[in-house]
Amino acid sequence: MSKTLFQKIADSEIPADIVYEDDRALAFRDINPQAPVHILVVPRKPIPRADQIEESDEALIGHLFTVARVVAKQEGLQDYRLVMNNGAGAGQTVFHIHLHMLGGRSMQWPPG
Ligand code: 5GP
């Protein structure tokens, strides 16, 4: 199977502004930021959609939130939004799961 865009970033085949990396996940700045801080937290494992996360992935998914906490601290963020879009109708465009971390401005709800 061909690599996802985010696997190519993880493998340094496509450049990105990486702000965190470990053996299970990485975080890099979104190319089209929707807030002063917009970072994507991505597992190295290419799970396509949130609804394809399996029970065996539970620790990995928890790890994404740990990475988000570390990155928020690095960025000096106290308040921020974490979002994972599931499916094109929900706004998903890259089918390799990722948490969006958005911060640095006040947020509205509902997001639209
Ligand atoms: P989604 O729409 O799937 O929830 O989020 C995908 C995100 O990936 C979008 O916010 C989009 O701007 C970002 N993105 C798409 N291509 C690239 C890229 O090549 N590099 C980086 N850093 N972000 C990308």
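Just follow the structure's listing: the first ligand is 1, and inside any ligand the first atom is 1.
- Side chain of Q92 to main chain of G87: a donor-acceptor pair is present (N/O by atom type, distance under 3.5 Å, no hydrogens or angles).
- Under the rule for a side chain to side chain contact (heavy atoms under 4.5 Å, CB included), the partners of E55 that lie at least two apart in sequence or sit in another chain are E58.
- In summary, the aromatic rings of F6 and F28 are positioned with their centroids under 6.0 Å apart.
- Ligand 1 is surrounded by L5, F6, I9, F28, R29, D30, I31, N32, L40, N85, G91, Q92, T93, V94, H98, H100, each with at least one heavy atom closer than 4.0 Å.
- Here side chain to side chain donor-acceptor pair (under 3.5 Å) pairs that include residues 33-50, with residues two or more places apart or in two chains, are E21-R44, D30-H38, H38-H100, K45-D57, R49-D51.
- Residues satisfying the side chain to side chain donor-acceptor pair (under 3.5 Å) test with D17, not counting sequence neighbours, are R29.
- Shown here for A50 and I97, the closest heavy-atom pair between the two residues is N-CG2, 3.4 Å.
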